[in-house]
Amino acid sequence: MLVLAKGIHRSGEREKLFFRANTPVPKSEVLITLAAVYHGVLPAVVERSIDGLASALAIIHSCGFKQRELKSQTPNIQTLYSQLSAIRGCAVGMSSMGPLLYVVGDAGTPWSDVTAVATEADAQIVLSSGANDSYAITYS
């Protein structure tokens with residue numbers, strides 16, 4: 001599910017200024033982010049583990065450049081991110097600089113709770129798989 005609420009949109013010169021102000025990222029934070037991708041995101045996808053993906057995304061969003069991107073967003077985006085992340089069975093992240101948030105789940109994900117949180121935050125659900133739809137990653 002893709003969830004869009006009012007937030008800061010950065011592109012062009014504003015995005016370049018943000019990069020200049022927030023880089024370089026300390027090496028220790030880069031290593032934590034890389035470890036979360038390699039030892040968290042990738043195994044979670046292979047094992048189809050929503051909880052593993054949620055944990056890895058939480059680590060990625062708590063350090064490094066992604067943390068800076070999230071902290072630079074409006075309080076309502078930060079709150080929406082926290083509220084969605086608190087729903088068991090959801091893996092949540094912020095796309096690029098935001099304010100778009102993505103929620104990954106499976107058949108056990110309480111999608112009605114996700115929708116309720118988004119609605120309460122006056123956010124728009126811009127893409128959602130239907131209750132009977134499923135999307136899978138395939139490998140060739």
Side-chain angles (χ1 to χ4, degrees):
M1 183 178 286
L2 300 179
V3 180
L4 183 61
K6 291 181 183 176
I8 299 169
H9 296 265
R10 286 189 188 87
S11 62
E13 193 59 33
R14 288 181 71 200
E15 187 175 16
K16 287 178 190 175
L17 290 171
F18 183 86
F19 271 85
R20 283 188 201 119
N22 289 281
T23 57
V25 175
K27 183 178 179 180
S28 60
E29 293 180 37
V30 173
L31 293 174
I32 291 168
T33 301
L34 289 171
V37 171
Y38 187 74
H39 297 289
V41 172
L42 296 177
V45 169
V46 170
E47 296 168 4
R48 299 176 188 253
S49 170
I50 294 299
D51 291 339
L53 182 60
S55 295
L57 289 175
I59 292 168
I60 291 167
H61 284 76
S62 70
C63 70
F65 198 71
K66 184 51 72 180
Q67 177 190 43
R68 287 156 180 78
E69 290 173 330
L70 184 58
K71 282 188 172 184
S72 76
Q73 269 300 331
T74 58
N76 63 309
I77 295 295
Q78 294 175 33
T79 299
L80 180 57
Y81 169 83
S82 295
Q83 290 173 335
L84 291 170
S85 296
I87 300 172
R88 180 117 172 99
C90 292
V92 181
M94 187 174 75
S95 176
S96 187
M97 302 286 287
L100 183 72
L101 301 178
Y102 56 89
V103 182
V104 179
D106 59 18
T109 299
W111 292 109
S112 59
D113 292 352
V114 175
T115 301
V117 166
T119 301
E120 187 174 307
D122 198 27
Q124 177 184 6
I125 297 171
V126 294
L127 176 69
S128 175
S129 67
N132 297 320
D133 294 340
S134 63
Y135 297 89
I137 298 171
T138 57
Y139 303 93
S140 53

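Every value quoted in this text rests on a predicted model; they were computed, and no experiment measured them.
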*Asks:* Between Cys90 and Ile50, which heavy-atom pair has the shortest distance, and what is it?
*Replies:*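 Residues Cys90 and Ile50, closest heavy atoms: N-CG2, 3.9 Å.
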*Asks:* Looking at Gly64, is its backbone amide N or carbonyl O close enough to the side chain of Arg68 to form a donor-acceptor pair, meaning the two atoms are under 3.5 Å apart?
*Replies:* yes
*Asks:* Under a 4.5 Å cut-off applied to non-hydrogen side-chain atoms, are Pro110 and Ile87 in contact?
*Replies:*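 Side chain of Pro110 against side chain of Ile87, heavy atoms only: contact under 4.5 Å found.
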*Asks:* How close do Val41 and Ala56 get, heavy atom to heavy atom, and via which atoms?
*Replies:* N-CB, 3.5 Å
*Asks:* So do the side chains of Lys6 and Asn76 get within less than 4.5 Å of each other, counting heavy atoms only?
*Replies:*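 With C-beta onward as the side chain, the pair touches.
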*Asks:* Quick check on Glu120: does its CD atom have over 12 non-hydrogen neighbours (other residues, nucleotides or ligands) under 6.0 Å away?
*Replies:* no
*Asks:* Classify the ring geometry between His61 and Tyr81 as parallel (under 30°), tilted (30 to 60°) or perpendicular (over 60°).
*Replies:* parallel
*Asks:* Could you tell me which non-hydrogen atom of Phe65 sits nearest to which non-hydrogen atom of Thr23, and how far apart they are?
*Replies:*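 Nearest pair, atom of Phe65 first, then Thr23: CE1-CG2, 3.9 Å.
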*Asks:* Where is the tightest heavy-atom contact between Thr74 and Gly7, given as atom of each residue plus distance?
*Replies:* OG1-CA, 3.7 Å
*Asks:* For Ile8, which of Glu69, Gln73, Met97 qualifies under side-chain contact (heavy atoms from CB on, under 4.5 Å)?
*Replies:*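 Per the side-chain contact (heavy atoms from CB on, under 4.5 Å) rule, the option paired with Ile8 is Gln73, out of Glu69, Gln73, Met97.
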*Asks:* Quick check: closest heavy atoms across Tyr102 and Leu2, and the distance to 0.1 Å?
*Replies:* CB-CD2, 3.7 Å
*Asks:* Provide the closest heavy-atom pair for Thr109 versus Gly89 in the form atom of the first, atom of the second, distance.
*Replies:* OG1-O, 2.7 Å
*Asks:* Output yes when a side-chain donor or acceptor of Lys66 lies under 3.5 Å from a complementary backbone atom of Ser96, and no otherwise.
*Replies:* yes
*Asks:* Please answer whether the main-chain N or O of Ile59 pairs with a side-chain N or O of Ser62 as donor and acceptor at a distance below 3.5 Å.
*Replies:* yes
